Each structure stands twice: as C-alpha cells, then as structure tokens.
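Below is one structure, written out as structure tokens; the observations come after it.
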Protein chains: 2
Amino acid sequence: MNKPVGKTVASQKSPVNQPKTARGEATRKAILDAAERVIGAKGYSDASIGHITSEAGVAQGTFYIYFKTKEEVFSELVLEMGRLVRHTISDATQGIENRLEAEKAGLRAFLEFVKAHPDLYRIVQEALFVDPDAYREYYGAFADGYRTGLTEAEAAGQISIGDPDTRAWALMGIARALGEQLVVFNSDTPISELVASAYDLIENGIKP
Amino acid sequence: MNKPVGKTVASQKSPVNQPKTARGEATRKAILDAAERVIGAKGYSDASIGHITSEAGVAQGTFYIYFKTKEEVFSELVLEMGRLVRHTISDATQGIENRLEAEKAGLRAFLEFVKAHPDLYRIVQEALFVDPDAYREYYGAFADGYRTGLTEAEAAGQISIGDPDTRAWALMGIARALGEQLVVFNSDTPISELVASAYDLIENGIKP
DNA sequence: ATGAAACATGAATCAGTATTCATGTTTGGT
DNA sequence: ACCAAACATGAATACTGATTCATGTTTCAT
C-alpha cells in the first residue's frame, strides 16, 4: 500500500538519494530551498555548493548525500517550477467554463506566480544553458497546454479558426514577455492592467 | 577630420584596446568571430579563452591585447547582435508606408535573421546571466522600437486604440517565442507561415 | 632604413570550487 | 537498550581555466 510510484516525468536520470527518515527529508528540503534562493540570486555558476550548504545550515559533504551533482539540484528546481506553475494555473482556472475567460485567469495566475517567485523564473531561463532538455520539456509542456486549450475552444466555437500551434506559441510568448517585464525589468504596472491590455489584444487584435 | 567619434551606446565601460594597425584590426575581428562561434555553441562558461583563441588561430595571451576580460567579448557580442538586428529590420521595412505591413515585414526579417544566426540568439539569452545590463538594454531598445511604431500607427489611425506599452511587450514576446521555436525547438515550419498565422492573430485576435 | 610603438607568444601563476572520503553521530525498528 | 542503517561532518583532493608577464617579432611614420 502506498507504493512510492515512479515519477512520470521524463528526464529521470538518477533514481537515487531518496531520504529514508524524517530528518533526511527535512535536510534535503533545506538544501533544495537554499539552492533555489542562492542559484536564483547569484546564477548557476556563481552559486557554489559551499554557498548553498551554508545557506541551508549543513556541511558541504551533506549536499552529496542527496544530490549527485550540482547540475542535479538545478534540474530538480526546474522540474519543481514546472509542477508548481502548472498546479497554480490549473487551480486558478478550475471551473471556468468559457475557454477565453479561463486563459485570461491563467495568465493572471501565471503573472502572479512569477512575481512571487522571481528566482524560479530566472532558474527556468538559465536552464536553456545548464540543462537544455529540462528547458525544452518545460516549455514544451507549457505549449501543449495552450494548444490543447485552443483546440478545444476552437471546437466549441468559442474562438475563431486558426493554427493552434502558432497561436499557442504566440500566447506563451506574450505570457513570458509580460512575466519578464515584471521580474527582469521591475515594472510596477499592476498585473490586472497587463492582463486586461494583453487580452484586449488577444481577443480583438489591433486592426482599427 | 574623421575623429573616431565615441560610440553613443550606453554600457561603454572600457574605452580601451582599439587596434591601431590593419593587422590588429584583423586579429581583433578574428577573435570576436571565434568568440561568437565558440560561445554560441558551447555557452559562456564552457567556452574557454583557450578554445576561442585556438579557433581564432592566435595565442592565448593575444586575447588580452584586445579584450580586458572574457566578459568583455561577451558584452561586445551582445551589442553587435543588437546593432545587426536593428539594421536588418530597419532595412527590411524601408519604404513600407502601412505600419502594420511594416511590422509584418519586420517580424519576417527578424525570424530570418534568427534562423541564420542561432548562435547570436543564444548569446543574447545568456546575457541575462552574464551581463544583465546588456540584456536589459537590448530588449529595452527593442521594446522602444515597437512602442514608437505602435504609437505612430495609432496616431495615423492604422490600428485601434490600446496601451502601446503592453502591446509592445506582447508583440515582442510573440516575435521571441517564434524565434525560439526556430532556434531552440528546431521547428521546420516555414517562416512565412509563422508570420502569416501570427499576424492573423495580431490583427484580428481570436474572438469568433 | 630604422627605431619606437604595436602586436604576438605561450608558459607560469593563481584562485576558486566541485567532489570525495575517512570519521563520527543520530535514528528507528526490534 | 541496542545496533545496523542513515545521516552528518569538514578537511583533503583534483582539476579547470582566467589572467599575467617576460620575451620576441612586425609594422609604419619619419
């Protein structure tokens, strides 16, 4: 009963290091959290294992009880970000019948998440260089979600006809750009305004 | 006569190392080109000065005759990318009266450029971590261009009324996402199709 | 033609840091 | 209470790679 159930995620390279006790669990979590803060703040290469472990309050060697390499924590952070974002968005769009409204709520939730976790945002971006597979998986999954939503909305007659694939990429690009405005450019435009403007564009376009 | 005219670019930290002879000029160029290839292919931290200089066919020490640090070549590559892209787009949109048509032609030119210079694309992305100022400058300038275009188009009645700022970011986001699809995800969708789909969305939106 | 400035070389320096390991300490099931 | 497995430690290892430098070679203005 309650078998550990292998994760269904793809880039599952190393099936090791699962803590067996509560103490271990806690330590691993502490290291992961510290890694998120340190790598998010200093970037992958400037974040040393020493920084991470001291931030976590453990000795350097302890790191390697739970992670095989520095890259491995990083990849796990990317996966975590993926899970978190999907969960957040899915929560925020629960029960919204109209697809367009759901997309709008999803964008708002995404932007709020990004604003609350700027570190995770940067980590995903850096994944393009540290762990490209994780990066592609992250955005691939994201694009799939958009495409599915768009296809269903199209079938339901809630949006006009158009290539769901390019549309998915375009919408994702808009979300990313607005998120980046918040995190990288520290814009203070309220999220609700961003969402409103963006969705006016997405719904009606810019033709006069 | 013909004074060297200080560059008007912002992040002008080090006014050094201008070659004085034709030989120096050529060597510097060789190093810069090699850096583009090597850093673009291996990423910033895996690209060693040794790799770069051997690719350029010069000794390691020669690098430091023309660049103060590894970061400095990198920053210069980002600036170069900015200049090149702006120039390319500006060329491609010369003489197009209708703003919307101009934007469309600009997107096509951008995508073609990106497809032809995947290395430079990656370098700009990596700038967020290696030289954040250069990154912000790059995308800031880009956004300004879009905003200006949109504002003028709005004034000329060629597009509907709407917040030019968010619109600029959104359009830029679309362009980036499609570019990334080409370079990072190796999509083989023809550029003309991408542009057509994207501009159908941008012009008309997705309302039924 | 010539010498001072430019340019080029590549071996040596120097620092950082990921990873390992031999040695304790703690935990939890019995 | 006991002990094997888990967990924790931090010093030592091992390697990489950016930057410097002392020493040549080439260029070009005079």
Side-chain angles (χ1 to χ4, degrees), chain A residues 1-2 4 13-35 37-39 41-77 126 129-131, chain B residues 1-2 4 13-35 37-39 41-77 126 129-131:
Chain A
M1 65 295 275
N2 201 345
K13 325 220 166 177
S14 41
V16 286
N17 315 104
Q18 288 310 311
K20 313 280 186 195
T21 75
R23 182 164 66 135
E25 199 82 56
T27 304
R28 192 188 142 94
K29 181 80 171 12
I31 293 172
L32 203 57
D33 289 354
R37 288 192 295 277
V38 176
I39 296 181
K42 311 171 83 89
Y44 182 76
S45 62
D46 284 352
S48 72
I49 305 295
H51 288 140
I52 293 172
T53 50
S54 98
E55 171 85 12
V58 300
Q60 214 152 300
T62 305
F63 180 92
Y64 291 91
I65 295 174
Y66 300 102
F67 303 96
K68 250 209 291 289
T69 63
K70 185 179 168 186
E71 227 181 286
E72 194 177 280
V73 231
F74 183 87
S75 301
E76 183 146 341
L77 287 175
E126 194 161 16
F129 307 98
V130 176
D131 183 350
Chain B
M1 63 297 273
N2 199 345
K13 327 225 164 171
S14 41
V16 285
N17 317 98
Q18 288 309 312
K20 313 281 186 199
T21 75
R23 181 164 68 135
E25 198 82 55
T27 303
R28 192 188 141 96
K29 182 82 175 6
I31 293 172
L32 203 56
D33 288 354
R37 288 193 296 276
V38 176
I39 296 181
K42 310 170 85 87
Y44 182 75
S45 60
D46 284 353
S48 72
I49 304 297
H51 288 141
I52 294 172
T53 49
S54 97
E55 171 85 13
V58 300
Q60 215 155 297
T62 306
F63 180 92
Y64 292 91
I65 296 173
Y66 300 102
F67 302 97
K68 251 209 290 289
T69 64
K70 186 180 167 185
E71 228 181 283
E72 194 177 280
V73 230
F74 184 86
S75 301
E76 183 145 342
L77 286 176
E126 195 161 15
F129 307 97
V130 177
D131 184 349

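No hydrogens, no waters, no symmetry mates; every other heavy atom, side chains included, goes into these values. All figures in this text were calculated on a predicted structure; none of them were measured in a lab.
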- Query: Separation of B:Tyr66 atom OH from C:dT9 atom C1', in whole Å?
  - Reply: 12 Å

- Query: Rounding to a whole Å, what distance do you find between B:Ile65:CD1 and D:dT26:P?
  - Reply: 14 Å

- Task: Quick one: label A:Thr62 by what it contacts on the DNA or RNA (base, sugar-phosphate, nothing), any heavy atom closer than 4.0 Å.
- Result: base

- A:Thr21 vs D:dC7: side-chain N/O to OP1/OP2 distance below 4.0 Å: yes

- Message: Under a 3.5 Å distance rule, please check whether A:Tyr44 uses its side chain to pair with a backbone N or O of A:Glu71 as donor and acceptor.
- Response: yes

- Task: Would you tell me if any nitrogen or oxygen in the side chain of A:Tyr64 comes within less than 4.0 Å of OP1 or OP2 on D:dA8?
- Result: no

- What's the NZ-C1' distance between B:Lys20 and C:dA8, to the nearest Å? 17 Å

- Query: Does any non-hydrogen side-chain atom of A:Ile49 lie less than 4.5 Å from one of A:Tyr64?
  - Reply: yes

- The answer to which of A:Gly61 and A:Pro19 contacts DNA chain D further toward the 5' end, by nearest nucleotide, is A:Pro19

- Message: Tell me if the side-chain of B:Gln60 makes a donor-acceptor pair with the base of C:dT9, cut-off 3.5 Å, by modelled atom types.
- Response: no

- Among D:dT9, D:dT27, C:dT17, which is the nearest nucleotide to the side chain of A:Val58? D:dT9

- Min side-chain heavy-atom separation A:Thr62-A:Thr53 under 4.5 Å: no

- Message: For the CD atom of B:Glu72 and the CZ atom of B:Phe63, what is their distance to the nearest 0.5 Å?
- Response: 8.0 Å

- Message: Judged by each residue's nearest nucleotide on DNA chain D, which is more toward the 5′ side, A:Ala22 or B:Glu71?
- Response: A:Ala22

- Task: Would you mind classifying the nucleic acid contact of B:Ala47 as base, sugar-phosphate or nothing, using non-hydrogen atoms under 4.0 angstrom?
- Result: sugar-phosphate

- Task: Quickly work out the A:Gln18 CD to D:dC7 P distance and round it to whole Å.
- Result: 10 Å

- Query: Can you find a side chain N or O atom of A:Lys70 that sits less than 4.0 Å from OP1 or OP2 on C:dA18?
  - Reply: yes

- Query: Taking NE2 from B:His51 and C1' from D:dT16, how many angstroms apart are they, rounded to a whole number?
  - Reply: 11 Å

- Item | Separation of C:dG10 P from B:Ile49 CD1 (nearest whole Å) | 16 Å

- Item | Length of the CG-C1' vector between A:Asp46 and D:dA18, whole Å | 14 Å

- Message: Under 4.0 Å between a side-chain nitrogen and a carboxylate oxygen: does that hold for B:Lys29 and B:Asp33?
- Response: yes

- From the candidates C:dG10, C:dT26, D:dG10, the one with an atom nearest any side-chain atom of B:Ala59 is C:dG10

- A:Thr27 side chain N/O closer than 4.0 Å to the phosphate oxygens (OP1, OP2) of D:dA8? yes

- Taking the side chain of B:Thr69 as its heavy atoms from C-beta onward, which of D:dT19, C:dA6, D:dC7 lies nearest to it? D:dT19

- Task: Using whole Å, report how far OH of A:Tyr44 lies from P of C:dT17.
- Result: 13 Å

